[in-house]
Novice: 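Shown below is the structure under consideration.
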Amino acid sequence: MAFRTNPAPYQRSKNSTLKIMLILLAALVVVWVSGIIYYFNLSDKINEYIELENLELDIEEQLPYVDYGLKAILNVIVAVVTSIVCDVIHTLCVHKTHKNISLGKDIIHTIVHNYSYITGIIFALTLPVFTSYYVIIVGSVFATLVCKNVFGGFGKNIFNPAIMARIFVGLCFGSALATPEIIQTVSAAELAGEAATAVGVDAATGSTITSVYNNSQLWIYTTRPVGAAVIENSLIEGFTLENILFGEYVGALGETFTVLILGLGIVLSVLGVINWRTPAFYLGTVALSAVVIATLTGNSVLAYLVASIGLGGVAFGAVFMLTDPVTGPTSSLGKSICAIFAGFMTVLIRIKGGYPEGAMFSIALANLISPAIDAAIKGKTNRHYPVKVAGLGLGVVIAAICLGFMASGQVTHIGVVNKDGLNYAQDAQLQSAVALNENERYCKYSDDVEVGYTFSNESTLDSKYLVKNGDEVVAYAYVIDYEKAMGSKASISAEGYPIPLNVVGLVVIDKQDKVQGVGFIDEKMAGTDTSYYGKFVSEQVVGNGQAAVDALVCGKATTASKSTYSPQIIKDLVNKAYQLYALESK
Amino acid sequence: MSLFSSKGQKHIDGHKELTKHEEIISLVSGNNAPKKVYFPTMAPNGKPITFDVKEGDKVKVGTKIGLRSDFYVPIYSSVSGKVVANENVFSPQVGRAIPHVVIENDGKYDEEKPLKTVTLKDSAEKIRDAIKEAGLVGMGGAGFPTYIKYNGSSEIETLLVNGIECEPYLTTDFIVMQQRVDELLLGCEYLMKASGAKEAIIAIKVHKDEVKEAVLAKLADHPNIRLVETKDAYPMGWERVLIRNIFHKEYKTLPSEVKVAVNNATTVIELGRTLSTGKTVATRLVTVSGNGIVNPHNVLIPVGTLSNELIKVCGGVVEGDINFIPGGPMCSKAVSFDTFPMLMQMGSITVLKYCQATADACLRCGKCTAHCPAYLQPVALKEAAEKRDVEGMKKYDILSCIECGMCSYICPSKIDVTETIKKGKAIVKLSMPKK
Ligand code: SF4
Ligand code: SF4
């Protein structure tokens, strides 16, 4: 027996760091398992399709079939094992300095208490399932050795290692993260409507794997500096907001299950594993910005909100990465400030920058300013309490409003009318126009793949979209320079996509939100069923279009304010203009 | 609201059931009565206590034997018997062995003639003098002379009787408050009169139903006294937290700034008894508890009894390494001796099995900051203290730390945050110019 005089207190909470980390690990495993299940199902569908179509796989590996489910399992295992091996190597190097502990114990202690397995699993979950193993290995080594152990191990690293590794591989091996061709093949076929049954589309939701996949790609890999980020997200045929929320699309392995992740976030907060303020303020800032941006740009608030939170790993980052205590401020106030900052940067990178890793960059930046936040919060935590609450609230609102104006500054519209029965998305404002008809569904063309239509005078264009209007498809484009856009030729083509686009007209709305004219496609100029041409905004058509506008909108449409263009009015405008045109040409 | 500030309190396992309903063992008489009782010649702050008895003197229960040199605190004998040679014994307050005046207990408990009693009709002045003469110190552990709070210099509106007992294991207030309600209420009345307070609030934690019923049953005759129940959280018993919970007020240094005077419940009870009967405090109840004690019990002892005698009647300590704590497990420091006198302010001995905690690296989780009752940022203080950065520690207000142990308790990495801060505090104090 001995009297121990270790320091007080002698009663300690039963909570421990190891316990916290193991609960976190359990939550991550839940996400992982969801990913595994999803990719097993996806592989089944793809394989079925390959068999049915008797496809010659024109992909590097020449796999007779795909097995992404197994890959989903192995990805994480590879990352975790690599991380642990790095820890062992690190221990072997520094063991000399650890006196009075045997090598074996040292290694085990390091493995258990350096928590690199957490880093490993988080890292693997932020990568698309297709990512090559060598990329995962390089990333994991970078995370554990360079970003964590070099700084002195767990508790001393400045940046979240998983995030740094994700950014690192994103920049170095961007192409290795790209979509394999088989997915694209299936995607194309599906868009053509052929594969819908073959691939076993869920009839209830009508969602197809690949259209869904395309959508996530558009968001994650082609975030563009257009005001309406939601445009990027315009929903693909049959793709509903629920698909985003429940992760029914192909994205990073663990980042797509938004509802699940947010649910886990609540559980982890209740268990005291994470501080709820971090995700709450982060998501709050992103959400409020989304509402402001959607309102200012005339988007559907709900769709924008869901897309903002549900895509691009925002929820995952909020719950599992930004909450990493080691790399964040210690006080609740600091955590809140840091989260608001990260939310602001996330949205900013999305609307102004072009990186798929937007959320990751913002979290890394938040890590960077954390020590400064900590240093700024001196003294007692109950000082100036009302000021702090008001300040933070104000901070969120101001951030959201700034982002909203930054995003909305760039929005103008042009429309192209298409007679085809297929439905395509759209400009954000028109998304709701489309939604007027319940039977209509949305689809979006990406500029990057150059489907949709092209303009002969590209330099005048800001962006362009197609929207379904009743039986007609209306394509809209934003023009930067209306003068130059005059006389441009609009070409609607499907380039490889067998979609007949019966373009019948164009509605031009300039930067000042004035309708400049409505143009219609000369039937004679129609080409094959994959491509149609029309002269854009010719003199005489302007007259007709303007008359339609004047009649419809407010007599003098040229001074109409933006809000005048409600979805219904745009729809009516197009219809009316088309009628006028049809009358005239008789 | 604790959106961005600290919660400042947390429910912790109280382990009160160990002794709450156990019978009380009395060491005052019978075979187990202590042969000798000890009185230190130094106050907890290191100031000398002068004794005016010498070897061979006969004393009775209540004989004034000494006086503290800095404050006027008379020391009264707790037994009757003969003064024998001074002995060096360990003093947990001072932290080393110091000379103690020793009185041999003859077991007769002859009583000295009582002090002058006062009634509620007497003037505040007179009651204050009686409190001063009674030699009472805070029996909740602080040992701070009671009369100083009632010198009449500041306006007091409310008297707050602290019956919280937030340290784990301790149950003496719980028991004494049930058994001695009359003296408790009498003590309240005396103190209200002495301080000019218009009302008294007796604060206990929820789930102390026995105390609640006992007190409520007699409150009808005392319109100015009420009972308040607080959350079961640590450190609810700290004045600042208690006042925060009951009055929703903050103050800088003393509760009198918000017109409140706080006293521990047992102190109030003893005060009621001493002022009405003139008998000084000779016995007190001590909780001997913890998983390191074979039979945890509450023990009634003559003040000055050696701790090992209490341990003995509670079945001794368990095998293996232990923490022997003269007080509760949160604030008191374990000592390496099990033999020291139990003074008037010492209400417990806690013995816990030693368990080695494996410390992790600080993960900067901020849980300590989120729970510090003083609204400090322990993790920042710890970092500054480790670097011996005096300026940094001052900026984070290290001197406001009350060493409550919450930050170490809550730390998932089992870091001795409180200890590091204590050391930092010492460095800061040393660096400050002597006043
Ligand atoms: S010991 Fe000091 S710093 Fe730690 S929680 Fe208590 S008051 Fe705060
Ligand atoms: S509770 Fe412990 S691990 Fe958490 S910040 Fe405080 S000292 Fe660090």
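In what follows, every chain begins at residue 1, and chains take the letters A, B, ... in the order their sequences are listed.
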Novice: Does any backbone or side-chain atom of B/Ile322 lie under 4.5 Å from a heavy atom of chain A? Answer side chain, backbone, both or neither.
Specialist: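 Both backbone and side chain.
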Novice: Side chain from CB out, backbone as N, CA, C, O: work out which of these in B/Cys362 comes under 4.5 Å of a heavy atom of chain A, or both, or neither.
Specialist: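 Just its backbone gets close to chain A.
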Novice: Between A/Asp374 and B/Arg364 (salt bridge meaning N to carboxylate O under 4.0 Å), is one present in this structure?
Specialist: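 Yes, A/Asp374 and B/Arg364 are salt-bridged.
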Novice: Look at B/Ile12, B/Thr350, B/Asp13, B/Thr418 and state which one has the largest set of heavy-atom pairs under 4.5 Å with chain A.
Specialist: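 Ranked by heavy-atom pairs under 4.5 Å with chain A, first place is B/Asp13.
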Novice: For the interface with chain A, which of B/Ile325, B/Leu381, B/Val351, B/Leu352 has the highest count of heavy-atom pairs at distances below 4.5 Å?
Specialist: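 Result: the option with the highest number of such pairs is B/Ile325.
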Novice: Which heavy atom of B/Tyr409 sits nearest to which heavy atom of A/Gln11, and what is that distance?
Specialist: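 So the minimum-distance heavy-atom pair works out to CD1-O, 3.0 Å.
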Novice: Counting C-beta onward and ignoring hydrogens, is there a side-chain heavy-atom pair between B/Ser408 and A/Pro9 closer than 4.5 Å?
Specialist: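 Contact flag for B/Ser408/A/Pro9 side chains = yes.
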Novice: Counting C-beta onward and ignoring hydrogens, is there a side-chain heavy-atom pair between B/Lys367 and A/Ile20 closer than 4.5 Å?
Specialist: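 Answer yes - side chains close enough.
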Novice: Are the side chains of B/Asp397 and A/Lys378 in contact, using a 4.5 Å heavy-atom criterion?
Specialist: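 A/Lys378 does not reach B/Asp397 side chain to side chain.
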Novice: Are any of the side-chain heavy atoms of A/Phe3 and B/Asp338 separated by less than 4.5 Å?
Specialist: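 A side-chain contact under 4.5 Å exists here.
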Novice: Which region of B/Val379, side chain (C-beta onward) or backbone (N, CA, C, O), has a non-hydrogen atom less than 4.5 Å from a non-hydrogen atom of chain A, or is it both or neither?
Specialist: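 Only the side chain of B/Val379 comes within 4.5 Å of chain A.
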Novice: Where do B/Lys333 and A/Asn6 come nearest, in terms of heavy atoms and distance?
Specialist: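 Distance-wise, the nearest heavy atoms are NZ-O, 3.7 Å.
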Novice: Non-hydrogen atoms of chain A under 4.5 Å away: do they reach the side chain of B/Ile398, the backbone, both or neither?
Specialist: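 Neither part.
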Novice: Which of the residues B/Ser400, B/Cys404, B/Cys372, B/Ser413 is involved in the greatest number of heavy-atom pairs with chain A at under 4.5 angstrom?
Specialist: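 Most heavy-atom pairs within the cutoff with chain A belong to B/Ser413.
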Novice: Looking only at side-chain N and O atoms, does B/Asp360 offer a donor or acceptor that is under 3.5 Å from a partner on A/Tyr115?
Specialist: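 Yes - a donor-acceptor pair under 3.5 Å links their side chains.
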Novice: Top residue by heavy-atom pair count (under 4.5 Å) with chain A, among B/Cys411, B/Cys407, B/Gly405?
Specialist: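 The residue among B/Cys411, B/Cys407, B/Gly405 with the greatest pair count is B/Gly405.
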Novice: Hey, does the side chain of A/Tyr10 reach the backbone of B/Ala334 with a donor-acceptor pair shorter than 3.5 angstrom?
Specialist: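 It does hold such a pair.
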Novice: Contact part of A/Ser16 toward chain B, heavy-atom cut-off under 4.5 Å: side chain, backbone, both or neither?
Specialist: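 Contact with chain B: backbone and side chain both.
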Novice: Ion pair present between B/Asp416 and A/Arg12, side-chain N to carboxylate O less than 4.0 angstrom?
Specialist: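 Yes, this pair counts.
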Novice: Given heavy-atom pairs under 4.5 angstrom as the criterion, report whether the side chain, backbone, both or neither of B/Glu250 touches chain A.
Specialist: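 When you check distances to chain A, only side chain atoms of B/Glu250 fall under 4.5 Å.
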Novice: Find the distance between OG1 (A/Thr330) and NZ (B/Lys382) and round it off to the nearest 0.5 Å.
Specialist: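 Separation between the atoms: 10.0 Å.
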Novice: I'd like to know if the side chain of B/Gln377 reaches the main chain of A/Ile377, judged simply by a donor and an acceptor atom lying under 3.5 Å from each other, with no hydrogens or angles considered.
Specialist: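 Yes; at least one donor-acceptor contact below 3.5 Å.
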Novice: Quick check on the interface: out of B/Pro329, B/Gly292, B/Ala361, B/Gly320, who has the most heavy-atom pairs with chain A under 4.5 Å?
Specialist: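 Of B/Pro329, B/Gly292, B/Ala361, B/Gly320, B/Pro329 has the most heavy-atom pairs under 4.5 Å with chain A.
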Novice: Under 3.5 Å, is there a donor-acceptor pair between the side chain of B/Lys414 and the main chain of A/Ser13?
Specialist: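 Checked: pair present.
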Novice: Kindly give the heavy-atom pair with the smallest separation between A/Thr5 and B/Ser336, and that separation in Å.
Specialist: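 Nearest heavy atoms, A/Thr5 then B/Ser336: CG2-N, 3.8 Å.
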Novice: Which atoms of B/Phe337 come close to chain A, meaning under 4.5 Å heavy atom to heavy atom: side chain ones, backbone ones, both, or neither?
Specialist: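 Interface part for B/Phe337: backbone (N, CA, C, O).
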Novice: Need one label for B/Tyr396: side chain, backbone, both or neither, based on atoms under 4.5 Å from any heavy atom in chain A.
Specialist: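 Both backbone and side chain.
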Novice: Could you check which of A/Lys19, A/Lys156, A/Lys335, A/His109 has the highest count of heavy-atom pairs closer than 4.5 Å to chain B?
Specialist: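 Most pairs with chain B among the choices: A/Lys335.
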Novice: Does any heavy atom of chain A fall under 4.5 Å from the side chain of B/Ser332, the backbone, both, or neither of them?
Specialist: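 Looking at B/Ser332, just its backbone touches chain A.
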Novice: Just so I understand: if I count every heavy-atom pair under 4.5 Å between each of B/Thr369, B/Asp321, B/Val318 and chain A, which residue has the most?
Specialist: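 Ranked by heavy-atom pairs under 4.5 Å with chain A, first place is B/Asp321.
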Novice: Quick one: CG on A/Asp324 to SG on B/Cys365, what's the gap to the nearest 0.5 Å?
Specialist: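 Answer for the CG-SG pair, A/Asp324 versus B/Cys365, is 11.5 Å.
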Novice: Of the non-hydrogen atoms in B/Met330 and A/Ala8, which two are nearest, and what is the gap between them?
Specialist: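 Looks like O-CB, 3.8 Å.
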Novice: Mind checking the CZ-NZ spacing from A/Arg4 to B/Lys353? Nearest 0.5 Å is all I need.
Specialist: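 Between atom CZ of A/Arg4 and atom NZ of B/Lys353 there are 15.5 Å.
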